[in-house]
Amino acid sequence: MNTPTIKHHYQDEAVATSYDQERFTSLSGRTFDRLEKRAIRKLLEVARRQVAHPEVLDAPCGTGRITELLLEQGFQVTGGDISLPMINAARHKCARFNSQVDFRCLDLDAIELPDNSFDLVTCIRLFHHLETEARTRILKELARVSKRYVLINVSFSSGYYRVRRRAKRLLGQGVSTASSTWDEIRLEMAAAGLQIESSRFLLRYFSENLLLLLTKAPQGNSQMSR
């Protein structure tokens with residue numbers, strides 16, 4: 001899907017209502033949810049070595065699955081999404097956290113927030129829908145509103161994972177729309193003024209889901225490290 005299609009798709013009330021049910025209630029969905037949250041927690045531990053109590057923007061927050069995880073870690077969180085039905089679902093899911101969380105309508109192509117608004121910005125389950133141009137554009141916005149860290153996930157591409165993706169297609173299994181090689185990741189991060197602090201596969205060799213903790217590069221430094 002391209003960016004306009006994604007924006008339109010997730011503003012559908014029926015999509016928001018069925019989102020969690022379709023993805024995270026089966027055995028495989030629950031397993032994926034646990035593994036992804038475990039990987040995110042590990043990267044949050046890295047970030048907390050430098051910022052013990054970060055203020056966090058989670059965008060797109062969707063139905064609040066990752067927003068809830070961040071709140072459980074004790075963070076002050078703003079959940080942002082372009083879809084009001086998604087925000088309403090997230091608000092309901094996270095209602096018990098009261099003033100610890102706030103929700104607002106945000107377009108990641110042009111985030112209506114000042115520079116350096118948050119210690120950490122999380123963006124989960126978006127970049128595997130997008131090609132390089134859109135990923136780079138949104139990364140720049142995420143970096144702009146972050147003081148220090150950006151946490152994202154991508155669908156990783158290598159010879160092994162490309163063969164695996166072809167096999168999944170032949171078996172009629174779903175695969176992500178777009179994937180990223182290490183070279184593409186480095187170039188996109190550098191273009192956004194970011195560098196890789198730490199990375200973690202959801203389940204290496206069994207899933208191409210790669211989580212990346214990024215930090216804002218020193219002024220004038222565009223070099224990326226793996």
Side-chain angles (χ1 to χ4, degrees), residues 1-3 5-7 9-10 23-24 29 32-44 46-47 56-62 65-66 69-70 80-81 108-109 111 120-146 148-166 168-169 173-217 222-226:
M1 289 187 285
N2 56 34
T3 305
T5 302
I6 292 170
K7 290 179 181 180
H9 178 73
Y10 288 106
R23 290 164 176 79
F24 304 116
F32 174 89
D33 182 58
R34 286 195 297 271
L35 290 171
E36 185 169 60
K37 287 178 177 177
R38 183 181 69 179
I40 290 172
R41 288 190 193 97
K42 291 294 185 181
L43 293 180
L44 291 175
V46 176
V56 185
L57 170 66
D58 180 35
C61 65
R65 186 176 65 96
I66 303 304
L69 169 65
L70 295 164
D81 205 290
L108 295 190
D109 281 316
I111 303 174
L120 168 68
V121 178
T122 60
C123 183
I124 303 299
R125 292 184 63 81
L126 175 65
F127 285 88
H128 64 286
H129 290 304
L130 306 175
E131 299 295 342
T132 292
E133 182 180 352
R135 289 197 300 259
T136 302
R137 182 174 65 249
I138 290 173
L139 273 172
K140 288 179 180 178
E141 277 294 278
L142 299 178
R144 180 184 64 79
V145 299
S146 172
R148 182 154 190 159
Y149 290 114
V150 175
L151 197 161
I152 67 170
N153 70 325
V154 299
S155 180
F156 183 66
S157 178
S158 67
Y160 167 78
Y161 285 110
R162 284 190 289 273
V163 170
R164 189 175 182 276
R165 285 163 64 87
R166 285 196 293 271
K168 289 178 70 175
R169 286 195 185 97
Q173 299 177 9
V175 297
S176 56
T177 304
S179 58
S180 307
T181 66
W182 274 117
D183 286 343
E184 288 170 334
I185 290 168
R186 291 192 183 96
L187 287 171
E188 291 167 16
M189 301 306 118
L194 296 165
Q195 57 189 21
I196 299 172
E197 177 84 5
S198 186
S199 63
R200 191 173 185 91
F201 278 96
L202 194 73
L203 194 61
R204 189 183 287 271
Y205 305 123
F206 290 93
S207 171
E208 61 264 32
N209 192 335
L210 174 66
L211 288 116
L212 300 165
L213 179 65
L214 312 170
T215 188
K216 296 181 84 166
S222 61
Q223 296 300 310
M224 303 295 301
S225 60
R226 180 170 171 176

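- Using a 4.5 Å heavy-atom cutoff, the side chains of Ile40 and Asn153 are not in contact.
- Panel note: side chain Tyr149, backbone Lys216; no donor-acceptor pair is recorded below 3.5 Å.
- Residue pairs satisfying the salt bridge (charged side-chain N to carboxylate O under 4.0 Å, His left out) criterion with at least one member in residues 148-162, sequence neighbours excluded, are absent.
- Checked against Asp58 for a side-chain contact (heavy atoms from CB on, under 4.5 Å), the options Asp81, Leu70, Leu69 give a single hit: Leu70.
- Checked options Tyr160, Phe156, Phe206; the residue passing with Phe201 is Phe156 (criterion: ring-ring contact (aromatic ring centres under 6.0 Å, His included)).
- Residues Leu211 and Lys42 fail the side-chain proximity criterion, which asks for heavy atoms closer than 4.5 Å.
- Note: Phe127 CZ to Ile152 CD1 = 5.0 Å, rounded to the nearest 0.5 Å.
- The shortest distance between side-chain heavy atoms of Leu35 and Asn209 does not fall below 4.5 Å.
- For the pair Arg186 (side chain) and Ile196 (backbone), a donor-acceptor distance under 3.5 Å is absent.
- Rounded to the nearest 0.5 Å, atoms OG (Ser158) and CZ (Arg165) are 10.5 Å apart.
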Dump the intermediate steps for side chain to side chain contact (heavy atoms under 4.5 Å, CB included) on Leu210 and Trp182, then the final yes or no.
CA-CA 11 Å; Leu210 174 66; Trp182 274 117; 4.1 Å; yes
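- Looking at Thr136 and Leu187, their side chains never come closer than 4.5 Å, going by heavy atoms from C-beta outward.
- Applying the side-chain contact (heavy atoms from CB on, under 4.5 Å) test between Leu214 and each of Leu139, Leu142, Leu43 identifies Leu139 as the sole match.
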### Query
side chain to side chain contact (heavy atoms under 4.5 Å, CB included) between Glu36 and Arg65: does it pass, once the steps are laid out?
CA-CA 11 Å; Glu36 185 169 60; Arg65 186 176 65 96; 2.4 Å; yes
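- For the atom pair Ser198 OG and Leu44 CG, the distance stands at 11.0 Å (nearest 0.5 Å).
- Within the 4.5 Å cutoff, the side chain of Val150 has no heavy atoms near those of the Cys123 side chain.
- Contact annotation: the side chain of Glu208 never approaches that of Ser179 to less than 4.5 Å [non-hydrogen atoms, C-beta and beyond].
- Glu141 contributes a side-chain N or O that, together with a main-chain N or O of Ile111, makes up a donor-acceptor pair within less than 3.5 Å.
- In terms of heavy atoms, Ser155 sits closest to His128 at CB-CB, 4.0 Å.
- Expressed to the nearest 0.5 Å, how far CD1 of Ile185 lies from OG of Ser157 amounts to 9.0 Å.
- Listed by chain and number, the residues in a side chain to side chain donor-acceptor pair (under 3.5 Å) with Thr132 are Arg135, Glu188 (sequence neighbours excluded).
- When side chains are defined from C-beta on, Val121 does not count as touching Leu151, because their heavy atoms never get closer than 4.5 Å.
- Between Leu202 and Arg38 the shortest heavy-atom distance is O-NH2, 4.3 Å.
- The closest side-chain heavy-atom distance from Leu126 to Leu108 is below 4.5 Å.
- To the nearest 0.5 angstrom, Phe32 atom CZ is 11.0 Å from Lys37 atom NZ.
- Across all non-hydrogen atoms, the minimal contact from Thr177 to Glu131 is O-OE2, 4.2 Å.
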